[in-house]
J.: 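This is the structure I want to talk about, given as structure tokens.
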Amino acid sequence: MREKYIEQKLVTAVKAAGGIAPKFISPGLAGMPDRLVLLPGGKMAFVEVKAYGIKPRPLQIKRHETLRRLGFKVYVLDEQRQIGVILNEIQTT
């Protein structure tokens, strides 16, 4: 599946859950995740969207590790079927 398609499905699912998933652009810090997922109740996470089977680049992995050390949730999404699982985890933790 193409990355753009999966990303659109993520945005739609987040909206259906009452949240927003703005594109995250960080001009001074390459390798940051693609989307912020912001859900009701102050729940948030970063989501890196990839085409099916594609892994994050080394710089992206480094950024994900930094964000996780800071206490943020970071997910790598490469299949549409993962969206519900990810959103449920964000909402319940």
Side-chain angles (χ1 to χ4, degrees):
M1 231 176 264
R2 298 179 63 103
E3 180 176 325
K4 185 175 182 175
Y5 176 81
I6 296 170
E7 193 167 8
Q8 289 171 344
K9 292 296 183 182
L10 172 67
V11 171
T12 300
V14 171
K15 186 175 181 181
I20 59 173
K23 186 85 167 163
F24 184 61
I25 300 169
S26 181
L29 196 58
M32 293 297 284
D34 298 307
R35 294 275 174 176
L36 287 173
V37 171
L38 307 171
L39 296 172
K43 304 291 184 162
M44 72 106 20
F46 293 92
V47 178
E48 180 68 47
V49 183
K50 294 290 186 187
Y52 178 73
I54 303 297
K55 302 295 180 201
R57 298 182 318 255
L59 179 59
Q60 291 173 319
I61 291 169
K62 181 179 176 182
R63 296 289 181 238
H64 297 175
E65 290 169 353
T66 299
L67 291 168
R68 287 182 181 119
R69 275 196 311 273
L70 291 170
F72 295 102
K73 296 176 199 153
V74 181
Y75 298 91
V76 177
L77 170 65
D78 72 344
E79 290 186 67
Q80 181 181 344
R81 65 183 178 93
Q82 296 170 310
I83 294 171
V85 173
I86 289 171
L87 293 183
N88 184 57
E89 189 172 314
I90 295 167
Q91 290 170 322
T92 59
T93 57

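Everything quoted here is computed from the prediction, not taken from an experiment. No hydrogens, no waters, no symmetry mates; every other heavy atom, side chains included, goes into these values.
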J.: If you round to the nearest 0.5 Å, how far is CD of Glu3 from CG of Leu10?
T.: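 With rounding to 0.5 Å, CG (Leu10) is 11.0 Å from CD (Glu3).
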J.: Work out which heavy atom in Pro40 is nearest to a heavy atom in Gly18; give both atom names and the distance.
T.: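 Shortest heavy-atom separation between Pro40 and Gly18 comes out as CG-O, 3.6 Å.
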J.: If you compare all heavy atoms of Pro56 against all heavy atoms of Val76, which two are closest, and at what distance to 0.1 Å?
T.: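 Minimum heavy-atom separation between Pro56 and Val76: CG-CG2, 3.8 Å.
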J.: Same cluster for Val74 and Leu39 if Ile/Leu/Val/Met/Phe/Trp/Tyr side chains link at under 4.5 Å?
T.: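 No: no chain of side-chain contacts under 4.5 Å links Val74 to Leu39.
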J.: Using atom types as modelled and distance alone, determine if a side-chain donor or acceptor of Arg63 lies under 3.5 Å from a backbone N or O of Pro33.
T.: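 Not confirmed, Arg63 side chain does not pair with Pro33 backbone.
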J.: Okay, side chain of Gln60, backbone of Arg57: is any donor-acceptor separation there less than 3.5 Å?
T.: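 Yes.
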J.: I'd like to know if the side chain of Gln82 and the backbone of Glu79 have a donor-acceptor N/O pair within less than 3.5 Å.
T.: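 Pair found, side chain donor or acceptor close to backbone of Glu79.
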J.: Could you tell me whether a side-chain N or O of Arg35 sits under 3.5 Å from a main-chain N or O of Ala21, the two making a donor and an acceptor?
T.: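 Between the backbone of Ala21 and the side chain of Arg35 there is a qualifying donor-acceptor contact (under 3.5 Å).
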J.: Between Lys23 and Glu7 (salt bridge meaning N to carboxylate O under 4.0 Å), is one present in this structure?
T.: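 Glu7 and Lys23: salt-bridged.
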J.: How many angstroms lie between CG in Leu70 and CZ in Arg68, if you round to the nearest 0.5 Å?
T.: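 The CZ atom of Arg68 is 12.0 Å from CG of Leu70, to the nearest 0.5 Å.
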J.: Are Ile83 and Ile54 linked, directly or through intermediate hydrophobic residues, by side-chain heavy-atom contacts shorter than 4.5 Å (ILVMFWY only)?
T.: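 Different clusters: Ile54 never reaches Ile83 through Ile, Leu, Val, Met, Phe, Trp or Tyr contacts under 4.5 Å.
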J.: If you take the centroid of each ring, where Trp contributes its six-membered ring, are Phe46 and Tyr75 closer together than 6.0 Å?
T.: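 Between Phe46 and Tyr75, which both carry aromatic rings, the centre distance is not below 6.0 Å.
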J.: Out of curiosity, Leu87 CG to Thr92 OG1, how far, rounded to the nearest 0.5 Å?
T.: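 With rounding to 0.5 Å, CG (Leu87) is 10.5 Å from OG1 (Thr92).
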J.: Is a donor on one side and an acceptor on the other found under 3.5 Å between the side chain of Asp34 and the backbone of Glu48?
T.: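 Looks like no, no N/O pair under 3.5 Å.
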J.: Should Phe72 and Leu29 be regarded as members of a common hydrophobic cluster, given that ILVMFWY residues are connected when their side-chain heavy atoms come within less than 4.5 Å of each other, either directly or indirectly?
T.: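 In one cluster with Phe72: Leu29, yes.
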J.: Which pair of heavy atoms, one from Thr93 and one from Lys73, lies closest together, and at what distance?
T.: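 So the two residues come closest at OG1-NZ, 2.7 Å.
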J.: Can Val49 be reached from Ile86 by stepping across I, L, V, M, F, W or Y side chains whose heavy atoms are under 4.5 Å apart?
T.: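 Ile86 and Val49: one cluster.
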J.: Do Met44 and Leu77 share a hydrophobic cluster (ILVMFWY, side-chain heavy atoms under 4.5 Å, transitive)?
T.: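 The answer is no; the residues belong to distinct hydrophobic clusters.
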J.: Is it the case that more than 12 heavy atoms not belonging to Phe24 sit under 6.0 Å from its CZ atom?
T.: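 More than 12 within 6.0 Å, yes.
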